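Quick caveat, the model's predicted, so the values are computed rather than measured. Note on naming: letters A, B, ... go to the chains in the order of the sequence lines (proteins, then strands), and numbering restarts at 1 for each one.
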Amino acid sequence: MPELPEVETVRKGLLPAMEGKLIKRADIRRPDLRWPFPEGMADRLTGARVLRLGRRSKYILADLSTGETLIIHLGMSGRMLINGLGTAEFHNNPALPGKHDHVILDMEDGTRITFNDARRFGAMDLAPTDEVEDHWLLKNLGPEPLGNRFDEAYLIGRLKGRNMPIKTALLDQRIVSGLGNIYVCEVLHRTGISPKRKAGKLSEARVATLVPAIRDVLGEAIEAGGSSLRDYRQTDGELGYFQHSFAVYDRENERCAKEGCKGIVTRVVQSGRSSFYCPTCQR
DNA sequence: ATGTGTTCCTGTCCGC
DNA sequence: TGCGGACAGGAACACA
């Protein structure tokens, strides 16, 4: 589900409810999501204060007063909801946890944070805060696309000699971290690059155009509160609205959104994932 | 080392 | 309405 803009939107929504607040009670309602929860997670969270709520790529990182950091990944369908808003069960009885409410954090001021994840591809783990960058889930992540370490020279270097399609390369979190299927499709459309083009065969000039395009698309999506297609919700249950700005994603057989282009958006499958693009203006 | 296909899980939508 | 199949914002893993 959530790519960087959605995760960042969720983090911002959680900030007032979590940062600086004490976790009064942690209810872990099943033993695992994608992987088992760490040993004694409920006890390690109970009584901890959230010192800082940060983000690395698609991971939300809650630094705790215990010296540990809670690592949260939303997978495809994960939601973090405040006071039960936005769950399917909300309309029936907001006091009862829903079927897919797997972790519930009750904060000292009475606010309830619920991790809801139907598909359970999400994950949570705890690691010492001073070693969190070396955690196995985080240590191989490429640079933040909105950070200083991500620039034209870096991307040119990383794509050099690579035989995979540019679409696949931009989805590889080791090359650049935070992009997912939606935003890669949108970035490639903006730059006029076909998703099928081999990454290592693009000219340096064309690769260079990807960097500002990635920054722009992600920045605009964050401003719009992310994209809501099926599962994604903000922490208050509200939808994001960047999906109204899609030029190609989820627009198969529709007219290309580029000014003056008469192409029709086409869907192809690459490494098992849908790519949407305009064969007329993306070459 | 690279590139590709499979797998985890539930829900929804579409065609018959 | 029911049933089967395709598909879904991710990414680790097994294998050529």
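- C:dA12 atom C1' lies 16 Å from atom CG of A:Leu33, rounded to whole Å.
- Neither A:Met164 nor A:Ile214 shares a network with the other; the hydrophobic side chains, linked directly or stepwise wherever heavy atoms of I, L, V, M, F, W or Y lie under 4.5 Å apart, form separate groups for each.
- Rounded to whole Å, the distance from CG on A:Leu171 to C1' on B:dT4 is 14 Å.
- Atom-to-atom, CZ of A:Phe121 to P of C:dA11 comes out at 12 Å; the value is rounded to the nearest Å.
- The distance from atom CG of A:Asp250 to atom P of C:dC7 is 13 Å, rounded to the nearest whole Å.
- Ring-plane geometry between A:Phe242 and A:Tyr183 is classed as tilted, the angle between the planes lying from 30 to 60 degrees on a 0 to 90 degree scale.
- One atom, CZ of A:Arg273, and another, P of B:dG5, lie 14 Å apart when rounded to the nearest Å.
- The side chain of A:Tyr59 lies closest to C:dA12, out of B:dT4, C:dA12, C:dC7.
- Going from atom CG of A:Asn181 over to atom P of C:dA8 covers 8 Å, rounded to whole Å.
- If you measure from atom CZ of A:Arg158 to atom P of B:dG3, you get 11 Å, rounded to the nearest angstrom.
- The distance between atom CG of A:Asn163 and atom P of B:dT4, rounded to the nearest whole Å, is 7 Å.
- OP1 or OP2 of B:dG11 sits under 4.0 Å from a side-chain N or O of A:Lys99.
- A:Arg119 contributes a side-chain N or O that forms a donor-acceptor pair with the base of B:dC9 under 3.5 Å.
- Nearest heavy atom pair, residue A:Cys278 against residue A:Gly263, reads SG-CA, 3.8 Å.
- Taking atom P on both nucleotides, B:dT7 is separated from C:dG5 by 16 Å, rounded to a whole Å.
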